Amino acid sequence: MTTREMSTRLDQPREIRRTLLPRPHYDPESFGRLSERIARFLGTARFLVYMTVFVAVWIVWNLVVPPALRFDPYPFIFLTLMLSLQASYAAPLILLAQNRQDDRDRVQYEQDRARNERTIADTEYLTREIAGLRVALNEVVTRDFLRSELQQMLKERDAR
């Protein structure tokens, strides 16, 4: 095999490439928490109000103020670019937050399943124990049965 074929095999680890600049390191957990906070904010009415006010101010500014102060004339191309940029960052952050929530839900479902299995096993054990007690109680002499047996024995003795 050539060196190129060896490096493309999936069962072999990739060789580490040396770069001039070190790779940036980030904490995936803190980045995930930040993405969840952003995704939570993007799903609120407050964000919609802020975004509506921002767009309205942008449009009014670029229509009303003197032409020398306008920075985005009528087709509002820069506004479109800003909104596209916001959407391009919002979508992956929302997906990341959803993936983290799916992972948490999966763990919760597994814990619920294990708890349900333990509950079923406990219930079956208690059912067997109650059935055993019922069988044992059927063999225990009750007071009425003992009284009737003693009265019958007394009658038999008196009859002799």
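Atoms considered below: every heavy atom in the structure, side chains included; atoms not considered: hydrogens, waters and symmetry mates. Residue indices begin at 1 and follow the sequence shown. Just so you know, these numbers come straight off a predicted model, no measurement behind them.
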Would you please test Q98 and D102 for side-chain hydrogen bond (donor to acceptor under 3.5 Å, both in side chains) and show each step? CA-CA 6 Å; Q98 286 177 340; D102 288 344; over 6 Å; no
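Counting side-chain heavy-atom gaps under 4.5 Å among Ile, Leu, Val, Met, Phe, Trp and Tyr, the cluster of V57 also holds V49, V53. Other cluster members for L154: none, since no ILVMFWY side-chain heavy atom sits under 4.5 Å from it. Counting side-chain heavy-atom gaps under 4.5 Å among Ile, Leu, Val, Met, Phe, Trp and Tyr, the cluster of Y125 also holds L126.
V55 is linked by a side-chain contact (heavy atoms from CB on, under 4.5 Å) to M51, I59, L79, L83, counting only residues two or more places apart in sequence or in another chain. Partners of I130 by side-chain contact (heavy atoms from CB on, under 4.5 Å), not counting sequence neighbours, listed by chain and number: R134. Residues forming a side-chain contact (heavy atoms from CB on, under 4.5 Å) with D27 (at least two apart in sequence, or on another chain): E29, S30. For R143, there are no side chain to side chain donor-acceptor pair (under 3.5 Å) partners at least two apart in sequence or on another chain. Scored by the side-chain contact (heavy atoms from CB on, under 4.5 Å) test, Q151 finds R147 as partners (sequence neighbours excluded).
Contacts classified as side-chain hydrogen bond (donor to acceptor under 3.5 Å, both in side chains) and involving residues 33-47 (residues at least two apart or in different chains) are given here: E36-R100, E36-R104. Every pair tested for salt bridge (charged side-chain N to carboxylate O under 4.0 Å, His left out) that includes a residue from residues 151-160 fails, sequence neighbours excluded, so the list is empty. The list of side-chain hydrogen bond (donor to acceptor under 3.5 Å, both in side chains) pairs with a residue in residues 72-93, not counting sequence neighbours, reads W58-D72.
Taking the six-membered ring for Trp and thresholds of 30 and 60 degrees, F78 and F71 have ring planes more than 60 degrees apart, a perpendicular arrangement.
Y26 is connected to I38 through a chain of hydrophobic side-chain contacts under 4.5 Å among Ile, Leu, Val, Met, Phe, Trp and Tyr, so both are in one cluster.
Shortest non-hydrogen contact noted between L69 and W61 is O-NE1, 3.3 Å.
F76 places a side-chain heavy atom less than 4.5 Å from the side chain of L63. Considering only heavy atoms from C-beta on, F31 comes within 4.5 Å of L96 through its side chain.
The CD1 atom of I77 sits 9.5 Å away from atom CG of L81, with the distance rounded to the nearest 0.5 Å. In this structure, the separation between CG on N99 and CD1 on I94 is 12.0 Å, given to the nearest 0.5 Å.
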Return all side-chain donor-acceptor pairs below 3.5 angstrom for residues 107-121, not counting sequence neighbours, or 'none' if the list is empty.
from: Q108; atom 1: NE2; to: D112; atom 2: OD1; distance (Å): 3.1
from: D112; atom 1: OD1; to: R115; atom 2: NH1; distance (Å): 2.8
from: N116; atom 1: ND2; to: D112; atom 2: O; distance (Å): 3.3
from: T119; atom 1: OG1; to: R115; atom 2: O; distance (Å): 2.8

